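This is a predicted model, so every value here is computed, not measured. Proteins get letters first, then strands, A, B, ... in listed order; numbering begins at 1 in each.
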Amino acid sequence: QSALTQPPSASGSPGQSVTISCTGTSSDVGGYNYVSWYQLHPGKAPKLMIYEVNKRPSGVPDRFSGSKSGNTASLTVSGLQTEDEADYYCNSYAGINNLVFGTGTKVTVL
Amino acid sequence: QVQLVQSGAEVKKPGASVKVSCKASGNTFTSYDINWVRQAPGQGLEWVGFMNPNTGYTGYSQSFQGRVTMTGSISTVYMELSSLRSEDTAVYYCARGRGITRGFDYWGQGTLVTVSS
């Protein structure tokens with residue numbers, strides 16, 4: 001199973017929006033509504049930001065939103081803040097006992 | 001307050017096995033599955049597999065099939081990886097979820113496993 005494709009980097013100024021794509025196939029992203037997004041700060045454990053494409057766990061700001069079209073899922077961060085600077089990874093269910101992560105995107109707040 | 005507490009760093013030689021634990025602090029794993037995810041230095045996240053501590057059911061990534069074994073109870077879950085090679089050097093995380101479809105909401109602090117001769 002190949003990793004899902006994400007852009008290596010994305011950036012925006014404080015207050016702007018940034019959107020990260022996560023491209024897979026009809027066997028993973030396109031086949032199920034089970035895409036999650038994680039935020040990773042250096043030296044810290046991943047934090048769940050979005051699950052089931054567009055659901056936010058409690059405590060995650062509504063500046064974070066998720067969507068999906070075909071084989072591509074997206075994470076949008078609106079109203080960028082300095083603390084949003086981190087690595088972001090998507091993952092998708094890909095069948096029984098099969099979960100695939102994306103390649104990761106480094107978000108920089110300019 | 002849910003906390004997942006993992007065992008400490010390990011250094012192993014190629015060909016050896018390593019067993020990492022993940023203990024529920026302040027709660028148990030009742031009604032949840034425990035997943036294992038690793039991140040090699042400078043690399044991305046990789047799913048290893050999961051276990052339902054209530055039923056003992058396990059599901060492993062094909063990439064690790066035959067080398068990984070997950071065991072445990074509703075208070076502590078273990079991941080054992082055998083036939084270690086240098087490419088297995090990584091931080092291994094346990095993470096709580098409901099199956100593998102609804103995201104992992106709580107994570108352990110990570111355990112660094114170093115494979116070196």
Undergrad: Check for me, please, whether A:V53 and A:V29 land in the same ILVMFWY cluster - side-chain distances under 4.5 Å, paths through other members count.
TA: yes
Undergrad: Same hydrophobic cluster for B:L4 and A:L48, using side-chain heavy-atom links shorter than 4.5 Å among ILVMFWY?
TA: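 Cluster IDs for B:L4 and A:L48 differ.
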Undergrad: Under a 4.5 Å heavy-atom cutoff, which of B:G110, B:A95, B:G108, B:G59 has the most pairs with chain A?
TA: B:G59
Undergrad: Excluding sequence neighbours, so at least two apart, what forms side-chain hydrogen bond (donor to acceptor under 3.5 Å, both in side chains) with B:S82?
TA: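 Per chain and number, B:S82 pairs via side-chain hydrogen bond (donor to acceptor under 3.5 Å, both in side chains) with no residue.
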Undergrad: So what's closer than 4.5 Å to chain A heavy atoms on B:V91: side chain, backbone, both or neither?
TA: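 No part of B:V91 comes within 4.5 Å of chain A.
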Undergrad: Would you say B:F104 and A:F64 are hydrophobically clustered, going by side-chain heavy atoms of ILVMFWY under 4.5 Å?
TA: no
Undergrad: Counting only heavy atoms not in A:F101, do more than 12 fall under 6.0 Å of its CZ?
TA: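 Yes, the 6.0 Å shell around CZ holds more than 12 heavy atoms from other groups.
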Undergrad: Do any of residues 8-20 of chain B have a heavy atom less than 4.5 Å from a heavy atom of chain A, and if so, which, in residue order?
TA: none
Undergrad: In terms of hydrophobic clustering (I, L, V, M, F, W, Y; side-chain heavy atoms under 4.5 Å; direct or indirect links), are B:V115 and B:V48 co-clustered?
TA: yes
Undergrad: Name the region of A:I50, side chain, backbone, both or neither, that has any atom closer than 4.5 Å to a heavy atom of chain B.
TA: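 It is neither, since no heavy atom gets under 4.5 Å.
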Undergrad: Is there a chain of hydrophobic side chains (I, L, V, M, F, W, Y, each step under 4.5 Å between heavy atoms) that links A:L75 to A:V100?
TA: yes
Undergrad: Is there a side-chain contact between A:L99 and B:F50, using heavy atoms and a 4.5 Å cut-off?
TA: no
Undergrad: Heavy-atom distances under 4.5 Å only: say whether A:P57 touches chain B with side chain, backbone, both or neither.
TA: neither
Undergrad: Under a single-linkage rule joining Ile, Leu, Val, Met, Phe, Trp and Tyr whose side-chain heavy atoms are separated by less than 4.5 Å, which residues share a cluster with A:L110?
TA: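 So far as hydrophobic clustering goes, A:L110 is joined with none.
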Undergrad: For chain B and chain A, what donor-acceptor pairs lie under 3.5 Å, backbone included?
TA:
unit_1: B:Y57; atom_1: OH; unit_2: A:N97; atom_2: ND2; d: 3.3
unit_1: B:R102; atom_1: NE; unit_2: A:E52; atom_2: OE2; d: 3.4
unit_1: B:F104; atom_1: N; unit_2: A:Y38; atom_2: OH; d: 2.8

